Trainee: 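Before we start, here is the structure in question, set down as structure tokens.
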Amino acid sequence: MSNKIGNVWIFIEQEGGKIANVSLELVSKGRELAAKLGVATEAIFLGGDLSGGVDTLHHYGCDKVYMVESGKLEPFTVLPYAKSIVDLVKEHRPNILLFGATNKGRELGPRVASELMCGLTADCTDLQIDDFDDKVNKKQYKNKLMQIRPAFGGNIIATIVNTWEDPQIVTVRPGVMKLDDPDTSRKGVCVKIKPEITSTETVVNVIERVQQEKEVDLQASQIIVSGGYGVGGQANFKLIYDLAKTLGGDVGASRAAVDAGWIDHDHQVGQTGVTVRPKLYIACGISGSIQHRAGMSDSSKIIAINTDPDAPIFSCAHYGVIGDLNEVIPKMIKAFKSKV
Amino acid sequence: MSYTVIVFVKQVPDTQNITGEAMKPDGTVNRAALPAIFNPEDLNALELGIQLKERYGAKLIVGTMGPPNAAEVLRESLYRGADETILLTDRAFAGADTLATSYALSCCAKKIGKFDLILCGRQAIDGDTAQVGPQLAEKLKIPQVSYVENVEELTKKRVRARRSIEGGFEVVECPLPALMTVVEANDPRPSNVKKIMLYKKAKTRTELSKAHSDANYTDAELLKEEEDNLRKVGLWIEELSASDIGADVERIGLKGSPTKVKNIQSVVLTGADFKVVDPTEAGVNSLMHELIEDHTLG
């Protein structure tokens, strides 16, 4: 067996040929990991019609793209994707395989890892390369992937290592890895693969599919004004919308506000919503549960408005306004309008 | 009874209602402060199983892997409408990651033998991984349908289900046997009072032996007789060890788990190091001024 370690692979998720943001975030992170390991960054790109996407992947920094095209890969179902990926992994043995922790990634990753008898860590929020000294089993590992994720409802952060044979497989939360700028001068290799998909894999038939655009794409927002249970009611969310509109931002919400039915789930920030890192995050009437903070604490500037000085949201805030949002928000709108 | 439906469930610490006392000062989890509950989405899976039983006629078997106390979620399943229950319990299962867990559950499903559907909750609230369902399907080489909201139709050979996808839903059809993971899309029925009266007496072998030793009985024959009686009236919770389900010891528990925890840090609130802004007009004005000055706004 050769000692040469495999490359870093990223599963590229697409819908109708459009590459998911999280996949590009993972290409950025994958390049960083590959540089540390001295290996290449490679994409596995599967679907029915992938024309156009390959250049994008090269621009974001993939040295090689395995382009797996087949009509049997559209619409997405798990088994044909899993079979194609498992075949490729067995042939090339990558060191690391990254999936986005989207609905698709979270149903596909486990199927792939189970068949390969590999470890899998879900929903990572950070990845690093480090050595691992397994004191329990008295074994040392060099240059392993540190798979960092929250657990226990976000109350702990665990660092997990896969000690079996490569690849080290993880799913990674969308929005947490920084997206590098593409460089259109970058070129790379494209390897076209005809997958061997048989009737064993095409047993799940999609009969109907209804998909709507999200009401709001918070991950793309630079300014987010979020409301929590302290907003007090659906009608009062108008204040949050007013401030967001004045500042040129979008509206977010805590789980409590969504569960109360005041605003749609598309707006939810946090562990069961989206992870965001805008330039400015204004938390209005949000107590700041650990689950909420997990989704916004990397924002560049955080303003917390809350009547309770002990609210945990203040622990991650840069500015704290201890007061009633019903009085503070109109003052903010007035102040902003008078200055711009 | 034409179908056999297996529901795999998990007993979990209630991480959704965590208080300050749940974390010890050294950063470890104080399990004693967290009540053990029926994993919420597993209740949705059980509810779907009960609905299928009502609509099509099915034998509903509920299984779980865990410590002896996990028998509690099995009794709760009986209170809601399960027909049979199985507790996988063995020290050798301890420390299992999702791969080792799904292998153990696959041995259990094979031990049950013929089944049409396996239902699991999408994910458990202690780890939120959502991996065991798909991995179990792979171990059994059966198709999987994740994020199921409801079953539209079940026939002898196929199941048609509606599942949630990003921004919408899909209706898919697949042959049986199949595994489905279920999301929070139904309202799990509460326990039935009559069933509680009946099934609160349901016991595992460990529980029965403990009752005997507590009463200073040591008669093995009596124990066996009582077990047979409980079985006859449907009050027996089958307790199976790793060897009972024919599991390879190298593939279960800590040994069968490729992932190891390197370290765990508790998420501590850092000191409140924020700039206090007065909720007055002057305070808010200077805040907005600062944000415009540093180009965060405007």
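For clarity, every value in this text was computed on a predicted model and none was experimentally measured. In what follows, chains are A, B, ... by sequence order, proteins preceding strands, each numbered from 1.
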Trainee: Would A:Tyr319 and B:Phe274 count as a close aromatic pair, with their ring centres under 6.0 Å?
Mentor: no

Trainee: Do the side chains of B:Lys262 and A:Asp130 get close enough for a salt bridge, i.e. N-O under 4.0 angstrom?
Mentor: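 Between A:Asp130 and B:Lys262 there is a salt bridge, with a charged N closer than 4.0 Å to a carboxylate O.
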
Trainee: So for B:Asn263, is it side chain, backbone, both, or neither that comes closer than 4.5 Å to the heavy atoms of chain A?
Mentor: both

Trainee: Is it the side chain or the backbone of B:Tyr147 that comes within 4.5 Å of chain A heavy atoms, both, or neither?
Mentor: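 B:Tyr147 touches chain A through side-chain heavy atoms alone.
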
Trainee: Is any side-chain N of the basic residue among B:Arg162 and A:Glu208 closer than 4.0 Å to the acidic one's carboxylate O?
Mentor: no

Trainee: In the structure I gave you, are the side-chain heavy atoms of A:Ile303 and B:Leu291 within less than 4.5 Å of one another anywhere?
Mentor: yes

Trainee: Can you tell me how far apart CD (B:Gln144) and OG (A:Ser114) are? Round to the nearest 0.5 Å.
Mentor: 9.5 Å

Trainee: May I ask you to say whether A:Glu107 pairs ionically with B:Arg163, meaning some side-chain N is under 4.0 Å from a carboxylate O?
Mentor: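 Answer for the salt bridge query: yes.
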
Trainee: With a 4.0 Å cut-off, would you call B:Glu170 and A:Arg209 a salt bridge?
Mentor: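 Salt bridge present between B:Glu170 and A:Arg209.
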
Trainee: Heavy-atom distances under 4.5 Å only: say whether B:His295 touches chain A with side chain, backbone, both or neither.
Mentor: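 The backbone, not the side chain.
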
Trainee: Heavy-atom distance under 4.5 Å to chain B: side chain of A:Asp134, backbone, both or neither?
Mentor: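 Contact with chain B is through the side chain of A:Asp134 alone.
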
Trainee: Does a side chain donor of either A:Arg111 or B:Gln135 reach within less than 3.5 Å of an acceptor in the other side chain?
Mentor: no

Trainee: Could you give the distance from OG (B:Ser257) to CG (A:Asn162), rounded to the nearest 0.5 Å?
Mentor: 11.0 Å

Trainee: Can you say whether B:Leu99 sits under 4.5 Å from chain A via the side chain, the backbone, both, or neither, judging by heavy atoms?
Mentor: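 Answer is side chain: those atoms of B:Leu99 sit under 4.5 Å from chain A.
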
